[in-house]
Number of protein chains: 2
Amino acid sequence: MSALDGLEVRRTTTAQQLADGLADRIMAGAFGPGDRLRESAIAAELGVARNTIREAVRILELTGLVRYEVNRGAVVIAPTPENVEALYTARERLETAAAVRTPRPEQLQAINTAFDDLVEAAKTGDPKQIVDRDLAFHQAIVTTLDSSRLDDFYAAMTKELRFYLTVLSKDDTPDEIVAEHRVIVDAIRAGDRDRAVAEISAHIDTSVQRLKQLLADDR
Amino acid sequence: MSALDGLEVRRTTTAQQLADGLADRIMAGAFGPGDRLRESAIAAELGVARNTIREAVRILELTGLVRYEVNRGAVVIAPTPENVEALYTARERLETAAAVRTPRPEQLQAINTAFDDLVEAAKTGDPKQIVDRDLAFHQAIVTTLDSSRLDDFYAAMTKELRFYLTVLSKDDTPDEIVAEHRVIVDAIRAGDRDRAVAEISAHIDTSVQRLKQLLADDR
DNA sequence: TACAGTTGAACTGTACTACAGTTTGGTTCA
DNA sequence: TGAACCAAACTGTAGTACAGTTCAACTGTA
């Protein structure tokens, strides 16, 4: 522990900070799906040049939260049934692939902890926290794949998914959610891979159905 | 089939075209790993404004071929041992996950065709084509996962990998490569998933070793 | 009343200029 | 030989300008 520990020069650009900030705002629902990010308006409001905003939004594009349309600029992504379907299919493939592997002790530990956190969150009933813990639990499962690149890819999808859940203000029933996850954890703990895979598939399947229902109601 | 099929207005921006062009040049080796993309120089040479180049490079960043460093701009990615390792680990996970699934007839057909194409290429001995077909074959395997998002993710990794192979000017021994892939195809055709998984793992393992050897020699 | 056509404001895509701060490679000096 | 310094090159950001596109409101017509 050096005396200079934690001391660090600001090693980031304005555009990067703006991108981070914008991502937060979008996740918080300040911009809805399909909304355009108007460069001039944002630039004026934040007191930066338009090209800086433009660059920030390009960086934002890396996270998948917005996509560019020619002559319309950046548009916030929208949870269409196809998007949701594709997202969950990819999740299912990765998580089941992870479930057939034998987790190392610390990985199993991480899964257990993530589950406990989820149970904890369910008790409080705070929807935002439940969603966070829910997603973190699944990320922990994917970690069993031992691939940093897949971890990153999954994390990006998680970001997108969390946004969808935010805008659809998912009505969760805490007990049910905990129960669904508990069977997964039990199967993993028991080392019963086939059952783990089956439970994960089932869980993701019901999740996607629930989400698509929300989508339909929303319309 | 409409009478207007294929008719389309040019729906792209200058920056997008520049990004595509730059990607081609990088893949072709015009810029080596670690090289900086100097905005002013490129802008002057191509007769466009610097901010347009800047935007093009940001778009290019989406493909993973370059990354930004503060105050140094865009830098072409380099095949470090860690990068290569991570890339191949992710490939291994995805391809083996695909191999445990039962391909639909048209997917099996696509794999067969991809393999035949590879054999064909091996006969010509053209290294560039062999690499192309090799990667296309593996992409065909991943398609069995039935996930467009994973297909896209894998394609992005393929792009990166092809670049690494390009700069390391892989010395391939055609017959060996065909043999390695043939055992995979045989296992898939036979429906022997365990063997398919094992062969894929072995193949990827030898590939990564070979590549890391090239890397070491290169130094 | 419904609908095609027109118009204008708002906005994007691109260019150009400018400048402070950082990086880099070379050169001088101890 | 190595540290200190310096100037050139380059990035990050600001600001202005303008052509082309989009979009919604307005107008005229059947």
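Values reported hereafter were calculated over all heavy atoms of this structure, with side chains retained and with hydrogens, waters and symmetry mates removed. Within every chain, numbering begins at 1; the chains are lettered A, B, ... in the order of the sequence lines, protein sequences first and strands thereafter.
As judged by a 4.0 angstrom heavy-atom cut-off over every strand, B:Gln16 is placed among residues making no nucleic acid contact. Here B:Ala41 lies out of heavy-atom contact (under 4.0 Å) with every strand.
Atom OG1 in B:Thr206 sits 8.0 Å away from atom CD in B:Glu176 (nearest 0.5 Å).
Taking atom CD on A:Glu61 and atom P on C:dT12, their separation rounds to 15 Å, with Å as the unit. D:dG12 atom C1' lies 15 Å from atom CD of B:Glu69, rounded to whole Å. When the P atom of C:dG13 is taken as reference, atom CG of B:Leu18 falls 14 Å away, rounded to whole Å. The CD atom of B:Glu39 sits 8 Å away from the C1' atom of D:dG12 (whole-angstrom rounding). Rounding to whole angstrom units, CG of residue B:Asn71 and C1' of D:dT11 are separated by 6 Å. Between the CZ atom of B:Arg58 and the C1' atom of D:dT11 there is a distance of 11 Å, given to the nearest Å. Atoms CD1 (B:Ile59) and P (C:dT12) sit 15 Å apart, rounded to a whole Å.
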Under 3.5 Å, which donor-acceptor pairs do the side chains of residues 19-31 of chain A form with other protein atoms, sequence neighbours left out?
residue: A:Asp20; atom: OD1; partner: A:Gln16; partner atom: NE2; Å: 3.2

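Put simply, A:Thr13 has no side-chain N or O that comes within less than 4.0 Å of OP1 or OP2 on D:dG12. Remark: A:Ser40 is in phosphate contact with C:dT12, judged by side-chain N or O atoms under 4.0 Å from OP1 or OP2. Distances shorter than 4.0 Å separate none of the side-chain N or O atoms of A:Arg72 from OP1 or OP2 on C:dT12.
Near DNA chain D, meaning a heavy atom under 4.0 Å from it, residues 43-57 of chain B has B:Arg50, B:Arg54 in order of number.
No side-chain N or O of A:Thr143 forms a donor-acceptor pair with one of A:Gln139 less than 3.5 Å apart. A donor-acceptor pair shorter than 3.5 Å cannot be found between the side chains of A:Glu92 and A:Tyr88. When only modelled atom types and interatomic distance are considered, B:Glu120 and B:Thr124 share no side-chain donor-acceptor pair under 3.5 Å.
Under 4.0 Å is where a charged nitrogen must lie from a carboxylate oxygen, and between A:Glu55 and A:Arg58 no such pair does. The existence of a salt bridge linking B:Arg36 and B:Glu69 is excluded, since no basic side-chain nitrogen approaches an acidic carboxylate oxygen closer than 4.0 Å.
Pair check for D:dT16 finds C:dA15; Watson-Crick or G-U wobble, both atom distances under 3.5 Å.
Looking at the side chain of A:Arg36, the nearest of the listed nucleotides C:dC11, D:dT11, C:dG13 is C:dC11.
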